Enquirer: 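Sharing a structure here in structure tokens format.
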Amino acid sequence: MSHIELSEQEILRRESLQKLRDLGIDPYPAALYPVDAYAHNLKQDFEDGKEVCLAGRMMSQRIMGKASFAELQDASGRIQVYFNRDEICPDEDKTLYNEVFKKLLDLGDFIGVKGRVFKTQVGEISVHVHSFTVLSKSLRPLPLPKTDTDGNVHDAFTDPELRYRQRYVDLVVNPHVKEVFVKRTKLFNAMRHFFNEAGYMEVETPILQAIPGGASARPFITHHNALDIPLYMRIANELYLKRLIVGGFDGVYEFSKNFRNEGMDRTHNPEFTAMEIYVSYKDYNWMMDFTERLLEHCAMSVNGKTEATFGEHHIDFRAPYKRVTMRQSIIDFTGFDIDGKSEEELFAAAKGMGIAVDETMGKGKLIDEIFGAKCEGNYIQPTFITDYPKEMSPLCKVHRDNPELTERFELMVCGKEVANAYSELNDPIDQRERFEEQLRLQEKGDDEAMFIDQDFLRALEYGMPPTSGLGIGMDRLIMYLTNNASIQEILFFPQMRPETKSVKIELNENEQAIFAAMQKQGESVLPDLRAQFAEMSNKVWDNSVKTLTKNNLLKVSKENETLYIRLV
RNA sequence: GAUUCCGUAGCUCAGCUGGUAGAGCAAUACACUUUUAAUGUAUGGGCCCUGGGUUCGAAUCCCAGCGGGAUCACCA
């Protein structure tokens with residue numbers, strides 16, 4: 001089972017590993033290697049004759065007898081290194097060059113080199129190697145895309161399944177993949193910087209929650225043994241951040257890994273990252289100003305410009321963004337005015353627009369459906385949609401001018417929501433009623449309605465200052481900023497079905513029993529093993545053992561007239 | 001969940017209306033002291049995703065399963 005059949009190339013690499021050891025070379029040395037240079041910098045600032053020490057993976061080898069070129073890839077990029085036999089081996093013994101460098105090193109091995117920077121006749125900046133050190137042997141061949149002189153990539157490592165399952169290989173071999181993740185980190189840093197400059201505090205709140213609040217979604221459930229209670233992986237951190245505002249912090253934010261037990265597709269992963277920030281004494285109008293300045297700043301930090309390309313769309317994150325009320329948006333795209341309409345009227349209108357509706361939908365849900373179907377997709381440039389129906393926003397303050405609406409906005413980019421913000425509801429009595437309304441919706445059949453968090457209500461009863469909160473879908477934002485249509489491209493390790501690599505062999509009861517016994521013993525004399533299964537007939541025994549040996553699980557061998565059986 | 005496409009060497013891919021598996025790169029061996037998709041010559045490498053079926057014969061046709069992609073639905 002643990003035995004994996006090795007390919008020819010893997011066997012050869014293991015042999016090279018042993019030969020290195022036989023030559024007294026440790027293929028996995030412990031000592032630090034005194035790197036003082038990086039490929040990118042050496043090429044950027046060429047200094048002829050400079051002595052350098054660098055390390056990385058050997059990604060190509062061009063051997064020409066007594067001289068060779070190789071390419072070294074470190075974290076910053078690639079640089080060519082030049083090996084000369086008589087310089088690597090000044091004495092009679094040419095083993096280090098002829099054997100170690102030419103034969104025992106494979107592509108993908110980590111080596112360190114010390115040498116002098118120079119330019120070849122063809123003008124390639126290279127390092128003339130005086131000495132090299134094996135730093136780590138690679139036992140599996142990497143896929144090796146090659147770029148020709150015209151910049152065309154050949155044999156690119158493109159299979160999405162392999163790329164996501166073995167992201168480490170993807171990163172080694174596809175430099176553009178690395179760039180995406182560098183940008184992702186730049187985005188996080190830019191946001192942190194922006195918030196910290198504004199004087200707000202980064203905090204951490206529970207990921208394991210007794211009540212999964214703050215959003216409507218199906219949670220992952222787990223169990224705490226010592227307390228013997230169910231716990232949920234958080235679907236949002238909103239209610240905890242508000243508790244901190246109650247506690248007297250002025251502004252708090254958190255990059256929150258959230259978990260939702262729902263479908264996966266091009267834009268949804270079961271775990272994803274949201275950023276939430278809450279600032280006291282502000283309202284959603286202030287938050288719109290803050291958000292557009294924030295995103296302009298982030299786009300600049302990530303891409304060096306406010307414009308971004310996403311598929312066929314060209315978007316510009318330069319502030320300010322257009323602001324449209326939801327009512328106006330629906331008028332714009334359908335001609336229908338939702339203002340003052342009854343549930344029946346909205347139902348009929350939605351149905352008339354060809355939207356699938358059912359009786360469980362309340363007013364708010366109907367409006368949301370209309371907006372989702374007819375309006376949302378039209379907002380390519382960043383646009384604030386404001387003033388959502390009350391029913392859809394149970395944590396949001398009622399609109400100061402209209403009791404049917406809330407002070408909420410969503411930021412739409414490329415027809416999708418990127419951010420969501422409120423003037424936060426801080427009236428504890430209203431909040432309790434909203435939660436109870438959610439319960440009624442749940443009973444009516446809306447499986448998205450929220451749980452009631454009594455402790456959160458208690459906190460509000462102590463008093464929360466007027467506060468505005470903002471949530472940003474970080475994954476979606478980075479997709480826009482790096483022009484990736486798939487969330488799997490911007491997560492290091494997107495969720496995949498587990499690999500079921502081991503070939504499943506159906507064993508019957510007897511075969512399983514014998515195999516289990518062998519797994520414990522590892523090796524046995526055949527008659528001894530037979531004796532342990534005395535209840536089996538000879539025929540059953542014989543068939544079982546043959547099945548196991550045929551499937552390469554066990555092996556029988558004869559040594560000095562004794563039959564041994566062992567695990568393969 | 002539905003539809004659809006795909007699964008062949010380490011990687012990228014050919015393989016026709018069924019007849020015992022092919023290329024390039026990578027690997028191995030030899031040659032080669034400034035090359036760069038290095039070059040030249042030679043060689044090795046395959047559970048053709050898994051399991052069933054049809055057939056004298058299946059990588060190829062049929063069915064089922066597993067894994068992945070795309071689109072749609074659901075879902076923030």
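Please read these numbers as outputs of a predicted model, since none were measured by experiment. What's counted below: heavy atoms across the whole structure, side chains too, no hydrogens, waters or symmetry copies.
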Enquirer: Strictly by Watson-Crick or wobble contacts shorter than 3.5 Å, is anything paired with G67(B), and which nucleotide is it?
Expert: C6(B)

Enquirer: Please test Ser68(A) against Tyr97(A) for side chain to side chain donor-acceptor pair (under 3.5 Å), starting from the C-alpha separation and ending with a verdict.
Expert: CA-CA 10 Å; Ser68(A) 299; Tyr97(A) 181 79; 2.7 Å; yes

Enquirer: Can you see if the side chain of Arg165(A) gets near the phosphate of G68(B) - specifically, an N or O under 4.0 Å from OP1 or OP2?
Expert: yes

Enquirer: Name the closest nucleotide to the Ala217(A) side chain, picking from A26(B), A76(B), U35(B).
Expert: A76(B)

Enquirer: Kindly indicate whether the side chain of Asp265(A) and the base of C74(B) share any N or O donor-acceptor pair separated by less than 3.5 Å?
Expert: yes

Enquirer: Given that both distances must come in under 3.5 Å, which nucleotide forms a Watson-Crick or G-U wobble pair with A73(B)?
Expert: none

Enquirer: Contacts to RNA chain B from residues 469-495 of chain A, heavy-atom cutoff under 4.0 Å, which residues?
Expert: Gln488(A)

Enquirer: With both distances under 3.5 Å as the test, what is the Watson-Crick or G-U wobble partner of G46(B)?
Expert: none

Enquirer: Taking the P atom of each, how far is A59(B) from A21(B), in whole Å?
Expert: 8 Å

Enquirer: Should U33(B) form a Watson-Crick or G-U wobble pair with both distances under 3.5 Å, which nucleotide is its partner?
Expert: none

Enquirer: The side chain of Arg260(A) is closest to which nucleotide in this list: G69(B), U34(B), A76(B)?
Expert: A76(B)

Enquirer: Within the 4.5 Å heavy-atom criterion, are Thr482(A) and Glu489(A) side-chain neighbours or not?
Expert: no

Enquirer: For residues Ser329(A) and Cys375(A), report the shortest heavy-atom separation together with the two atoms involved.
Expert: OG-CB, 3.3 Å

Enquirer: Just N and O in the side chain of Arg62(A): are any of them under 4.0 Å from OP1 or OP2 of A38(B)?
Expert: yes

Enquirer: Describe, in one word, how the ring planes of Phe181(A) and Phe492(A) are oriented to each other, choosing from parallel (under 30°), tilted (30 to 60°) and perpendicular (over 60°).
Expert: parallel

Enquirer: Using heavy-atom distances to pick each residue's nearest nucleotide on RNA chain B, tell me which of Phe157(A) and Gln61(A) is more 5'.
Expert: Phe157(A)

Enquirer: Output the rounded distance in Å from CD (Glu124(A)) to P (A38(B)).
Expert: 11 Å

Enquirer: I need the CD-C1' distance between Glu161(A) and C66(B), as an integer number of Å.
Expert: 10 Å

Enquirer: Base, sugar-phosphate alone, or nothing: which one does Arg218(A) contact when heavy atoms must sit under 4.0 Å apart?
Expert: nothing

Enquirer: Taking atom P in both A27(B) and C11(B), compute the distance separating them and give it to the nearest angstrom.
Expert: 15 Å

Enquirer: Side chains of His154(A) and Asp148(A): any donor to acceptor distance under 3.5 Å?
Expert: yes

Enquirer: Would you please name every residue forming a salt bridge (Lys or Arg N to Asp or Glu O under 4.0 Å) with Glu8(A), sequence neighbours left out?
Expert: none

Enquirer: A27(B) C1' sits how many Å from Glu15(A) CD, rounded?
Expert: 12 Å

Enquirer: For the pair made of NE2 in His268(A) and P in U71(B), what is the distance, rounded to whole Å?
Expert: 14 Å

Enquirer: How far, in whole Å, is A26(B) from A37(B) if one measures between their P atoms?
Expert: 12 Å

Enquirer: Pairs under 3.5 angstrom, nitrogen or oxygen only, protein versus nucleotides 1-10 of chain B, please.
Expert:
from   : atom 1 : to      : atom 2 : distance (Å)
G10(B) : N7     : Gln9(A) : NE2    : 3.4

Enquirer: Say we look at C5(B) and A64(B): how far apart would their P atoms be, to the nearest angstrom?
Expert: 14 Å

Enquirer: Please list, by residue number, the residues of residues 76-87 of chain A whose heavy atoms come closer than 4.0 Å to an atom of RNA chain B; answer none if no residue qualifies.
Expert: Gln80(A), Tyr82(A), Asn84(A), Asp86(A)

Enquirer: Does a salt bridge link Glu71(A) with Arg78(A), judged by any charged N lying under 4.0 Å from a carboxylate O?
Expert: yes

Enquirer: Below 4.0 angstrom, which residues in residues 90-101 of chain A have at least one non-hydrogen atom near RNA chain B?
Expert: none

Enquirer: Just the rounded figure in Å: distance from P of A37(B) to CG of Leu107(A).
Expert: 16 Å

Enquirer: Could you pick out which residue, Ser126(A) or Ser60(A), lies toward the 5' side of RNA chain B when each is mapped onto its nearest nucleotide?
Expert: Ser126(A)

Enquirer: Is Lys103(A) touching bases, backbone alone, or none of the nucleic acid, heavy atoms closer than 4.0 Å?
Expert: sugar-phosphate

Enquirer: Quick check against the 3.5 Å criterion: does Asp109(A) have a side-chain atom that pairs as donor or acceptor with the backbone of Val134(A)?
Expert: no

Enquirer: For a quick check under 3.5 Å, do Arg234(A) and Thr205(A) share a side-chain donor-acceptor pair by atom type?
Expert: yes

Enquirer: Is A21(B) paired to anything, Watson-Crick or G-U wobble with both distances less than 3.5 Å, and if yes, which nucleotide?
Expert: none

Enquirer: If you check the Leu162(A) side chain, which of A38(B), C11(B), A70(B) turns out closest?
Expert: C11(B)

Enquirer: Rounded to whole angstrom, note down the C1' distance from G68(B) over to G52(B).
Expert: 23 Å

Enquirer: With a 4.0 Å limit, can you tell me whether Arg266(A) has a side-chain N or O closer than that to the phosphate oxygens OP1/OP2 of U71(B)?
Expert: yes

Enquirer: If you check every side-chain atom of Ile63(A), which of U33(B), U34(B), C32(B) has the closest atom?
Expert: C32(B)

Enquirer: Whole Å only: how far is the CG atom of Asn261(A) from the P atom of A76(B)?
Expert: 12 Å

Enquirer: P atom, C66(B) versus G51(B): distance in rounded Å?
Expert: 15 Å

Enquirer: Output all residues satisfying salt bridge (Lys or Arg N to Asp or Glu O under 4.0 Å) with Asp170(A), sequence neighbours left out; order by chain, then residue number.
Expert: Arg163(A), Arg167(A)

Enquirer: Checking base pairs now: Watson-Crick or wobble, both atom distances under 3.5 Å. What partners C61(B)?
Expert: G53(B)

Enquirer: So what does Glu410(A) hit on the nucleic acid, given a heavy-atom distance under 4.0 Å: a base, only sugar-phosphate, or nothing?
Expert: base

Enquirer: Take the protein atom CG of Asp159(A) and the nucleotide atom P of C49(B), then report the distance between them rounded to whole Å.
Expert: 14 Å

Enquirer: May I ask you to evaluate whether Lys146(A) reaches the phosphate of A37(B), defined as a side-chain N or O under 4.0 Å from OP1 or OP2?
Expert: no

Enquirer: Any Lys/Arg nitrogen of Arg184(A) or Asp475(A) sitting under 4.0 Å from an Asp/Glu carboxylate oxygen of the other?
Expert: yes

Enquirer: In whole Å, what separates the C1' atom of G46(B) from that of U41(B)?
Expert: 25 Å

Enquirer: Quick check: Tyr480(A) with Phe317(A) (ring centres under 6.0 Å apart)?
Expert: no

Enquirer: Considering only the P atoms, how many Å lie between C6(B) and C62(B), rounded to the nearest integer?
Expert: 11 Å

Enquirer: Quick one: do Arg323(A) and Glu292(A) make a salt bridge, cutoff under 4.0 Å?
Expert: yes

Enquirer: Return yes if a side-chain donor-acceptor contact under 3.5 Å exists between Asn484(A) and Ser486(A), otherwise no.
Expert: no

Enquirer: If we check side-chain contact (heavy atoms from CB on, under 4.5 Å) with Thr386(A), which of these qualifies: Met326(A), Met288(A), Glu407(A)?
Expert: Met288(A)

Enquirer: Distance-only, no hydrogens or angles: does the Ser126(A) side chain make a donor-acceptor pair with backbone N or O of Val81(A) under 3.5 Å?
Expert: no

Enquirer: Is the distance from the ring center of Tyr379(A) to that of Phe333(A) below 6.0 Å?
Expert: yes

Enquirer: Without decimals, in angstroms, what is the distance between Phe272(A) CZ and C75(B) C1'?
Expert: 11 Å

Enquirer: Side chains of Asn420(A) and Arg408(A): donor-acceptor distance under 3.5 Å anywhere?
Expert: yes

